[in-house]
Structure formats: structure tokens, C-alpha cells
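Heads up, the thing below is written out as C-alpha cells.
Because the structure is predicted, anything quoted here is derived from the model rather than measured. One-based numbering, in listed order, for ligands and for the atoms of each.
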Amino acid sequence: MRKRLALVPIVSCFCAIMLTASSQQQTFDLVLTGGRVMDPESGLDAVRHIGISGGRVAAISAGQLRGKEMVEVGGQVVAPGFIDLHSHGQTDENYRYKAMDGVTTALEMEVGASPVAAWYREREGKALVNFGATVGHIPARMAVLGDTGTFLPRDNAISRRASQDENRRINDLIRRGLDEGALGVGFGINYVAGTTRGEILDVFEIAAERRVPCYVHLRHAGGVEPGSAIEALQEVIADTAVTGGALHVVHITSTCLRLTPTCLKMIEGARERGLDITTEAYPYTATQTLIESAIYDEGWQERLGMSYKDLQWVATGERLTAETFARYRQEGGSVIGHSIPEEVSRLAAAHPLVIVASDGMLTNGKGHPRGVGSYARVLGRYVREQKALSLMDALRKMTLLPAQRLETSVPMMRAKGRIKVGADADLTVFDPARVIDRATFESPAQFSEGISHVLVNGIFVVRESKLVESGLPGQAIRRPRAGQ
Ligand SMILES: [Zn+2]
């Protein structure tokens, strides 16, 4: 017994030397030399050389490595590529801004898609970053009830109750989406206020049967009872408990507003009692949605603690009045709502449980800056300037936590969100002294600064802080289909 114990360190030490020796003889496709490698899973925070071959991390070494291509990244942080769980913008335009903000995987988990296979087909082989989606309760409900909206419901799906037959058809579309590899089920209950609690519970049951999480925009926002964010959170915590499923609550700050500490306490309590619940926030003090949506139905001022002047019309940047509000609500379009207190945004940015996710979408350069600068903003504003959290903790909330949210049902995510041998070479290299967001509410289409290099599956999509669009290495993130 004593002999065996004595042998172990000698053997493992010998293997380590062999491994280093073989890494040093090998020629990798690419070597990033001399960066400060930070991996939230292992806790590694040290100067290392990274060898990349075949789209994967092939070596992490304190000694020199040889590569067909060598890129010096001394003085910079090398982190796992950021994973955005809430990226509505799923176009080339949006992928460019994502890449320049350090995001290597952009997923549409809240509104989601339906039909799912067609959504993936449109992007396969054409995307700068990795992409994927849930099957969405909203698009399924819009299709079955014949809503005339495009992205979000406009009429029938908002307030009409589904008949038994319609409910069956909605559930069929959800099952079909999951059969086609969807990453979970997305919900925006607030946008479809006529949906009964029973309809939501049924869909939670389907998700639990298939062992995928539900990504939910809660039924209500703000603190006015009845109809508060607390009541809405209680609904889905109960649905999770009774179905045995998993829940991810999207944008906790813009839903819970000043009640965010209470909502976080509820989620922590539910987790302590064994429920699988996670949450996310974007690091801004304003929301964005469609003005014609149910969010701005009668009583919004009291519910959201806002008045007309807190609303900003995306197309022009103007602040609204009672008159312009009425006109634009008739016309339809995007509106920004300045409703989240700064201390709430900072609390969520620093909270170890709250994943960073953008909720962003830019259309021809217009939109909320969150789709452009969320990640650089957390690193520059909350880590460096305000010291609200450590750099490693921030990286964990951008990489490992979102990967872990997905990986029980999406095995390919086990190779993302960390830097280790065998992991996908999705890497973000940035200057911690310079990284910052540039996008503003008035002028959102401005790339983040200080992100030097971004690799997606081993291919540069950002190099020397410039976009490289020749490769299109983004891959589809999907669940294996049944039997695979
Ligand atoms: Zn939402």
C-alpha cells in the first residue's frame, strides 16, 4: 500500500514532463503566446502559451510552443469566448457586433423560434459566431392563433384564450421544435397576457419530459399587486417544482426593477431547496421592446414606475409625450424605457448567480446599446472602474455559467465556456486596462473597444481589433436528436 502511494507522484510527474515535451515538439495551427490565461472552471490565472489545432485547444503550456502561426498576446487576458444566452439579433449585422464585444456564441433563448429546423437552415455555414435557439412558445402561439405580428405578437396571440384544440396544436409545435434540436423552450408570458396558467404549466411539463430548461420572461413586471414580478416569479417557480423541470429567468432587473433583491432571494431560496433555477441580466438602466406590445397596456406608468419622458423612440432618439406615445403605439416600433435604477443594475452585475446576457438586437444600426456593448461594459465599467466584482467572477458569468446552464441537455456546450485541452477554441483576447463599451442610447452602432482578438472554432473573427469576415466559422448549437 505504502509503495503504491509513493509511486503515484513519480508517475504523474513523469507524464507531465512527457506531455510538455511532446507539446513542444508538435507544430500547432496557431499559438497564442504569453497571454494571461484565465479559466473560471479550473481557476487558472497565469501567463501561458496556448496551442490550437483543428479548431480545438490542443496545449496550454508555461513553456514555449511552436505554431504555423504565432500571435503574441502579452499583457492581455485570454478568456473563453463569451456565451450570450439572450441574443435576439440573429443576423450578419448583429453577429459582427457580438464578435467585436467578445461573444463567440449567440443564442436566442427567450422568444425562440418555430419552426426550428428552418431557423437553423437559414444560418448554417453562413454565421460569424456560433448560434442556436429554443423553440418559442410565442411564435408557436402566434402561428396557431393566426397573429399578424412578426417578431412579437400584435393581436390574436396577445389576449385571446386558446381553445383546447389550439392548445393541443401549440404543444405539438413545441414538441416538434424539440425533435428538431431546439435548445429548450422559450417564453415571453408578458407578451401573451391572455395565456392561462394552465397553458404555461402544460408547456413546462413537455420541457420537463424532454429534460430541457424553460427560458422565461415572466408574466408581470414591477411591484404593483396584483400582477407584480413576485407573483409572476412564484408562478414559474411552482411550475418548475411540480414538473421537476429547470427554469432560467431572463433579464431579472428589467422585470423585477426595485424588487430585484427580493427576486434574487427567491431564486436563491428555490435553489437551496434543490430546484434548478438560474437567471441573467444585461448591464444597463433601460429596457427596450415594441411600443405596441402588452408591456405598454393601460397602467404601465404605475406598474413600471415610469412616465412618458422616460420613453425614448428608437428611430429618432426623441423622448415621448402623451401625444407621441399614442401616435407611435398606433404605428408600432421599438421604444427604450429608462426604468432600471443604477444600483439595481450594479447589484445584478456583481451578483455571483446572475449570468451576463444582452437581450440585444440591432436593426440597420438602430436599437438598444445592450446588443453591442454588454460584455465590454461589464468588464470596463463594473470590473475595472467600479470594482463591483473581480475579473475572474465576471468571466465566470460570461462563459462557464451559461455553458453549464445548457450542457446537461446540450452536450456540445461542455466543450465551451472554458479553456482546457480538448475544448473548442472559442477564445476572446482583450486588454483589461482598455476594454469598454462605446455604444450609447443615442448612437448604439459603435463597436466595443479593447477586444483584440476573437477566435470561433479556432478561426479569427476579430484580429487586431478588426473584423475578419472571410471565415464564417460559426456552428449550430443544437441538442442531439433522439437516437443520436
Ligand atoms: Zn424579454
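Salt bridge Glu343/Arg258: present, at least one basic N to carboxylate O contact under 4.0 Å. A salt bridge does not link Arg123 to Asp92: none of the charged side-chain nitrogens sits closer than 4.0 Å to a carboxylate oxygen.
Ring geometry for Phe187 versus Phe204: interplanar angle of 30 to 60°, hence tilted.
Taking the ring centroids of Phe325 and Trp313, they lie at or beyond the 6.0 Å cut-off. Note: Phe447 and Tyr97 meet the aromatic proximity criterion, with ring centroids under 6.0 Å apart.
With waters left out, the protein N, O or S atoms under 2.8 Å from the Zn ion (ligand 1) add up to 3.
The side-chain hydrogen bond (donor to acceptor under 3.5 Å, both in side chains) contacts involving residues 108-120 comprise His86-Glu110, His88-Glu108, His88-Glu110, Glu110-His217, Glu110-His251, where partners must be two or more places apart or lie in separate chains.
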